[in-house]
Amino acid sequence: MDDQRLYIDGAWVEAQDGETFATIDPATGEEIARVARARAGDADRAIAAARRAFDEGRWSAVPPRERAALLRRIAHRLHTEADELARLESRDAGKLLADAREDVEEAAEMFDHYAGLATSEGGEVPPPGPDAMSLVVPEPVGVAALITPWNFPLLMAAQKVAPALAAGCTAILKPAEQTPLSALELARIAAEEGLPDGVLNVLTGFGPEAGAPLVEDPRVDAVSFTGSEAVGRVIGRVAAETFKRTTLELGGKSPNLVFADADFEAAIEGSALGVFFHQGQVCSAGSRVLVEQTIYDTAVEALCAQAAELRLGHPADPETTMGPLISAEHRAKVNSYLEHGRADGARLAHMGTVPTDPKLANGFFFPPVIFADVDNTMRIAREEIFGPVMAVIPFGDEDEAIAIANDTPYGLAAAVWTTDVKRAVRVSRAIRAGVVWVNDSQPAPVEAPWGGFKASGVGRELGRYGLRAFQELKQIYLNLE
Ligand code: ADP
Ligand code: MG
């Protein structure tokens with residue numbers, strides 16, 4: 001693949017100092033492409049371009065109807081090019097090809113959805129009294145920095161770019177250094193569909209070099225970040241210096257509660273998917289599986305049987321149900337939790353095997369792991385592992401289940417498996433998390449809010465809530481006397 005450039009002000013440019021870095025195929029360890037390595041000077045150019053585009057009204061002055069039409073064309077192109085995009089994404093991120101295909105479709109949905117909101121979400125006219133009138137007018141917040149992670153590269157880019165553009169903002173997208181390729185494709189498509197120069201810029205590079213300058217710069221009005229808690233804490237603090245509107249979508253240690261009255265098979269299957277989907281590299285992974293004591297032994301056995309069916313292999317192989325982790329570094333981190341689990345006294349109930357195919361010998365594969373008899377105080381129950389490591393924790397009754405579920409610094413998601421409707425609602429309401437699934441795990445419909453309580457983040461994405469993150473509300477007060 002050709003060397004990839006930065007996209008700034010409608011032009012494909014090298015980094016100022018000409019430096020590049022490699023993006024790797026996690027299944028083979030091979031280099032896919034060399035990508036421009038942006039630093040502060042490049043960030044400065046991108047910010048200046050986005051600022052100018054915004055201040056000149058190159059996009060915000062375009063009628064919402066036309067903005068929506070362009071977003072729909074991007075959605076259409078994502079559909080049309082879904083095969084190639086999915087192959088690229090699968091290769092860059094080590095995602096199962098089928099999952100990458102779904103991501104592309106969801107990314108397209110994102111643009112369709114926000115095209116609709118661009119023309120339907122207006123302001124309000126609250127009635128202060130007979131002699132006055134207030135108009136509440138949503139306006140674009142300005143220049144937005146969009147910093148995305150490597151687990152759902154295109155989807156996370158779409159989740160931020162679509163509402164930012166729908167709102168009339170200009171943006172600088174900084175994809176994760178591990179997976180920069182699909183963001184560049186998105187910019188290419190947007191440009192080909194006629195997005196004006198400077199409205200969407202893409203800076204590839206490393207967080208501290210290409211991302212940090214965006215967060216520090218006073219010309220940037222908003223930051224939307226999805227990534228680790230550690231980086232999110234820094235971004236939140238730095239962004240506050242210049243009073244940026246900030247959305248942070250961070251980590252989790254989401255509880256998955258299995259009650260004895262649940263549809264057992266569905267609960268086991270859903271619980272396994274909840275933590276093994278995309279190798280557990282999902283912020284909302286249900287990594288703590290809480291199981292009611294009366295079905296505990298059977299459930300652990302069934303979960304292990306479920307895990308034993310996973311087939312690790314090349315992400316493009318249709319037989320594969322589990323791909324590699326993103327990097328050697330990340331695998332080492334995930335692996336360290338095997339030791340923590342053992343040292344803390346959890347029981348290793350299942351450990352799968354990695355592929356033996358010599359072509360995959362340099363891939364970053366890691367087997368699915370189930371620890372049983374976990375106590376919620378153990379590190380494997382408290383810290384986000386971001387890998388295929390399940391911690392199974394027994395509970396006695398509903399109150400205890402809720403207490404364990406909430407005993408975590410995080411609050412992104414939770415799943416509740418039960419056939420008792422009242423219990424489902426009771427438990428859902430008692431859990432301190434932004435998303436609670438009842439008899440399911442992991443769906444994230446584009447229309448509904450997504451985001452965390454507590455250390456899982458600040459703000460909400462998706463639906464009209466995600467649009468609001470890119471808007472300022474202005475009140476225009478009319479004296480009618
Ligand atoms: P992970 O640990 O899963 O790789 P990170 O939180 O490190 O997740 O990365 C998520 C995104 O944040 C990536 O695009 C990364 O380059 C970016 N990033 C990392 N550090 C910083 C930083 N100090 N400032 C801005 N962005 C950063
Ligand atoms: Mg890669």
Side-chain angles (χ1 to χ4, degrees), residues 6 15 21-24 26 35-40 42-44 46-47 92-95 144-161 171-184 186 201-217 220 222-242 244 246-253 278-285 287 324-334 336-337 364 366 383-387 410 412 452 455-458 461:
L6 310 173
F21 66 100
T23 188
I24 303 292
V35 181
R37 177 170 181 168
R39 293 180 197 268
D42 305 292
D44 179 68
I47 296 166
D92 205 12
K95 288 190 92 99
L146 314 175
I147 302 177
T148 52
W150 44 259
N151 55 349
F152 295 86
L154 179 65
L155 185 56
M156 289 301 113
Q159 185 161 319
K160 296 184 192 302
V161 170
I172 303 136
L173 171 61
K174 210 305 275 172
E177 53 271 31
Q178 297 87 346
T179 55
L181 299 176
S182 54
L184 296 167
L186 180 61
N201 306 274
V202 182
L203 280 184
T204 50
F206 294 82
E209 296 172 1
L214 305 176
V215 184
E216 285 159 18
D217 200 293
V220 174
V223 180
S224 179
F225 168 80
T226 299
S228 64
E229 180 195 348
V231 173
R233 183 171 282 116
V234 172
I235 288 182
R237 196 186 307 128
V238 174
E241 286 290 333
T242 46
K244 288 181 175 51
T246 306
T247 306
L248 303 173
E249 212 269 88
L250 313 175
K253 194 73 198 178
H278 195 27
Q279 296 78 264
Q281 303 172 121
V282 178
C283 53
S284 55
S287 48
L325 295 178
I326 190 69
S327 65
E329 194 188 12
H330 185 53
R331 179 172 59 184
K333 184 199 143 186
V334 173
S336 73
Y337 284 94
F364 313 124
F366 189 84
E383 297 174 14
E384 182 177 53
I385 300 174
F386 225 62
Y410 297 109
L412 182 54
S456 289
V458 176
E461 297 193 84

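In each ligand, atom 1 is the first atom listed, and ligand 1 is the first ligand listed.
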Between [X] and ligand 1, which part of the residue brings a heavy atom under 4.0 Å of the ligand: side chain, backbone, both or neither?
X      : answer
Ala230 : neither
Leu214 : neither
His330 : neither

Heavy atom of the protein closest to [atom] (residue, atom name, distance):
atom                    : result
atom 1 (P) of ligand 1  : Trp150 NE1, 3.6 Å
atom 17 (C) of ligand 1 : Ile147 CG2, 3.6 Å
atom 7 (O) of ligand 1  : Val231 CG2, 3.7 Å
atom 12 (O) of ligand 1 : Phe225 CE1, 3.1 Å
atom 13 (C) of ligand 1 : Thr148 O, 3.4 Å
atom 8 (O) of ligand 1  : Ser228 N, 3.8 Å
atom 15 (C) of ligand 1 : Glu177 OE1, 3.5 Å

- Item | Exercise: do Thr242 and Lys244 side chains pair donor with acceptor under 3.5 Å | yes
- Item | Distance-only polar pair, side chains of Thr247 and Lys160, donor-acceptor under 3.5 Å | no
- Query: Given side chains that start at C-beta, do those of Pro175 and Val202 come closer than 4.5 Å, heavy atoms only?
  - Reply: yes
- Message: Do Val334 and Arg331 make a side-chain contact, defined as non-hydrogen atoms from C-beta onward lying under 4.5 Å apart?
- Response: no
- Distance under 6.0 Å and angle within 45° of the ring axis: does Lys174 meet both against Phe225? no
Could you tell me, atom by atom, which parts of ligand 1 come under 4.0 Å of a heavy atom of [X]?
X      : value
Ile235 : 25 (C), 26 (N)
Gly211 : 24 (N), 25 (C), 26 (N)
Pro175 : 14 (O)
Ala212 : 24 (N), 25 (C)

About how many Å separate [atom2] of [Y] and [atom1] of [X], when rounded to the nearest 0.5 Å?
X      : Y      : atom1 : atom2 : result
Asp92  : Ile326 : CG    : CD1   : 7.0 Å
Ile235 : Leu248 : CD1   : CG    : 7.0 Å
Ile24  : Phe364 : CD1   : CZ    : 6.5 Å

- Query: Are any of the N or O atoms of Gly207 closer than 3.5 Å to those of ligand 1?
  - Reply: yes
- Criterion salt bridge (Lys or Arg N to Asp or Glu O under 4.0 Å) on Arg233 and Glu229, from CA distance to verdict: CA-CA 6 Å; Arg233 183 171 282 116; Glu229 180 195 348; 3.1 Å; yes
- Message: Could you check, using the six-membered ring where one of them is a Trp, whether His330 and Phe366 have ring centers closer than 6.0 angstrom?
- Response: no
